[in-house]
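By convention in this document, chain letters (A, B, ...) are assigned in the order of the sequence lines, proteins followed by strands, and residues within each chain are numbered from 1.
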Number of protein chains: 2
Amino acid sequence: MSLRYAILAILTAAPLTGYETAKRFEGSVGHVWHAPDSQIYPELRRMEAESLVEGREERWGPNSLKTRYYITAEGEEAFRTWMATPLKYAPWRDVAHMQAAYFEWTDPDSVRMHLQQHAQHYQDQIQQWSSQVQDIESHEHPMIAARLQRYPAEQHERIVAYKSFAYDGLIRLAQAEVDWANRGLQLLADLESEDAG
Amino acid sequence: MSLRYAILAILTAAPLTGYETAKRFEGSVGHVWHAPDSQIYPELRRMEAESLVEGREERWGPNSLKTRYYITAEGEEAFRTWMATPLKYAPWRDVAHMQAAYFEWTDPDSVRMHLQQHAQHYQDQIQQWSSQVQDIESHEHPMIAARLQRYPAEQHERIVAYKSFAYDGLIRLAQAEVDWANRGLQLLADLESEDAG
DNA sequence: TCACGCATGTAAATTGTTACATGATTGG
DNA sequence: CCAATCATGTAACAATTTACATGCGTGA
């Protein structure tokens, strides 16, 4: 159900076509919530059927149409309700850590590969999220710019602060993953030197 | 597909009935990988059909039978292959952080509730994982005890070290979540005092 | 005119969740 | 004998992934 609220969230900043929505899920929002276009088009239609969004047709070139989706009052209400509802925390599921618990089942080179890949992956994430934070704080981010226009200036600080805060949390999580992988590489080195010594 | 490998992983320590397997996913392994019994029974049968495990019937009381599943050589091989294969990192999905990015859509009390719940949830996780680590390091953990019996003593340190390492990573991630929630509560207080001032 | 981006989907398969369902065994 | 635990499932639904599929518009 979260896809629905992710869509509502971005439509609160500006109305979008299905294509644009899907692009957001590859770009900015996609760094917090991913969804493929094959999921987005049908979801938008379902949401329209439930009057959470309203699709308005627009000309696109001489012979074509495209549909731009606007969040409705009902959609905003549903979003607000969700925002005020406690989250259900899903039971934990973490392949990388599960696999690490059984590293004795593979050789040291493979362990090293896993840990290096882990560190690399989360370093890349840190890069992406950091650049998001920069764009947010400088108000360069296109979605942020669109969003701020809809609010009085005294609200801007709060809006930006929450978004920075969210991404900052993700960055620190990713940093914890990188640190963990590095501690694992150290552990591996220790175990290997013991074997040799 | 990870459920399959999680099952293989615990069957490398000891053969189990479907019921026992499901219990493991509520208890020890469940702290790293969760699955309901409705998923486990059919998966075990599929795995038996693919000769990754072998089910042997056992008497259970005077009139009943139960099936105990043993990992096969083929199953071990599949597990080893998976252990040596690089993970695919799934695109990020994080409801709590996504929601936090839109906190301006709800009132301060609700924000506080979310953040307190978040901190509480991860503090509970830390408790659980910490007690796992203790049981692992003291070799008190029943699965660990069973597992160590199958290996020569010089392997024990390595096996225990990897498991501690895995749980330690989870604990630090959870701590990062708690810290994040607390920074959020501080941010909220700052924003509220600004409004008041 | 051709490549690239914009636009919109369908279909099949997999995976996971929730709820329902049943009955035997064991220990107090 | 009764409650808790052991044992094993089915059914319906929801969510997600992967692959396939099509065609117009715009700018170089």
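For DNA chain C, the residues of residues 80-95 of chain A within the heavy-atom distance limit of 4.0 Å (strictly under) are A/Lys88, A/Arg93, sorted by number. Residues from residues 4-16 of chain A with heavy atoms under 4.0 angstrom of DNA chain D: there are none.
Remark: side-chain polar atoms of B/Thr72 are not paired, donor with acceptor, to backbone N or O of B/Glu54 under 3.5 angstrom. A donor-acceptor pair under 3.5 Å is absent between the side-chain atoms of B/Arg4 and the main chain of B/Glu43, judged by distance alone. Put simply, the side chain of A/Glu48 gets close to the backbone of A/Gly55: a donor and an acceptor are under 3.5 Å apart.
For the pair A/Arg46 CZ and D/dC13 P, the interatomic distance rounds to 15 Å; values are reported in whole Å. We find that CG of A/Leu44 is positioned 13 Å from P of C/dT10, with the value rounded to whole Å. One can place CZ of A/Arg68 at 12 Å from C1' of C/dC6, the figure rounded to the nearest angstrom. A/Lys23 places its NZ atom 12 Å from the P atom of C/dT8, with the value rounded to the nearest Å. As rounded to whole Å, 11 Å separates atom C1' of C/dG16 from atom CH2 of B/Trp33. Distance CD (B/Gln39) to C1' (D/dT10): 15 Å, rounded to an integer number of Å. Between the P atom of C/dT17 and the CD atom of B/Glu43 lies a distance of 14 Å, rounded to the nearest Å. Look at NZ on A/Lys66: it is 12 Å from C1' on C/dG5, rounded to the nearest Å.
Applying the ring-ring contact (aromatic ring centres under 6.0 Å, His included) test to every pair with at least one member in residues 47-66 of chain B, sequence neighbours left out, gives no pairs at all. Residue pairs meeting the side chain to side chain donor-acceptor pair (under 3.5 Å) criterion with at least one partner in residues 76-104 of chain A, sequence neighbours excluded, are A/Tyr89-B/His118, A/His97-A/Glu177, A/Gln99-A/His114, A/Glu104-B/Lys163.
The aromatic rings of B/Phe165 and A/Trp180 sit parallel, their planes meeting at an angle under 30°, below the 60° perpendicular limit.
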Exercise. Going through the distances and angles, do B/Tyr122 and B/Gln175 end up as a side chain to side chain contact (heavy atoms under 4.5 Å, CB included)?
Worked result: CA-CA 7 Å; B/Tyr122 284 103; B/Gln175 189 58 54; over 6 Å; no
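With B/Trp105 as the partner, the ring pair (Phe, Tyr, Trp, His ring centres under 6.0 Å) test is satisfied by one option alone out of A/Tyr5, A/Tyr162, A/Phe79: A/Phe79.
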Problem set entry | Base-contact (B) and sugar-phosphate-only (S) positions in nucleotides 20-28 of chain D, heavy-atom cut-off under 4.0 Å, - elsewhere | ---BBS---
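Residues B/Asp124 and B/Gln128 bring no donor and acceptor atom of their side chains to less than 3.5 Å of each other.
Note on B/Tyr19: a side-chain N or O is less than 4.0 Å away from OP1 or OP2 of D/dC6.
Listed nucleotides: C/dG9, D/dT17, C/dT17. Nearest to the side chain of A/Tyr41: C/dG9.
Within 4.0 Å (heavy atoms only), A/Ser38 reaches at least one base atom of the nucleic acid. Residue B/Arg45 is classed as a sugar-phosphate contact, given heavy-atom separations below 4.0 Å to backbone atoms only.
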Side chains of residues 133-146 of chain B: which donor-acceptor pairs under 3.5 Å do they make with residues two or more places apart or in other chains?
{"from": "B/Glu137", "atom 1": "OE2", "to": "B/Ser164", "atom 2": "OG", "distance (Å)": "3.0"}
{"from": "B/Ser138", "atom 1": "OG", "to": "B/Gln134", "atom 2": "O", "distance (Å)": "3.0"}
{"from": "B/Ser138", "atom 1": "OG", "to": "B/Asp135", "atom 2": "O", "distance (Å)": "3.4"}
{"from": "B/Ser138", "atom 1": "OG", "to": "B/Glu140", "atom 2": "N", "distance (Å)": "3.4"}
{"from": "B/His141", "atom 1": "ND1", "to": "B/Met143", "atom 2": "N", "distance (Å)": "3.3"}
{"from": "B/His141", "atom 1": "NE2", "to": "B/Gln132", "atom 2": "OE1", "distance (Å)": "3.1"}

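Comparing A/Ser2 and B/Leu65 along DNA chain D, the residue whose closest nucleotide (by nearest heavy atom) sits nearer the 5' end is B/Leu65. The 5' end of DNA chain D is approached more closely, in terms of each residue's nearest nucleotide, by B/Gly18 than by the other of B/Gly18 and A/Pro36.
Atom CD of A/Gln127 sits in a sparse spot, with 12 or fewer heavy atoms from other residues, nucleotides or ligands closer than 6.0 Å. Remark: B/Gln149 CD is loosely packed, at most 12 non-hydrogen atoms of other residues, nucleotides or ligands lying under 6.0 Å away.
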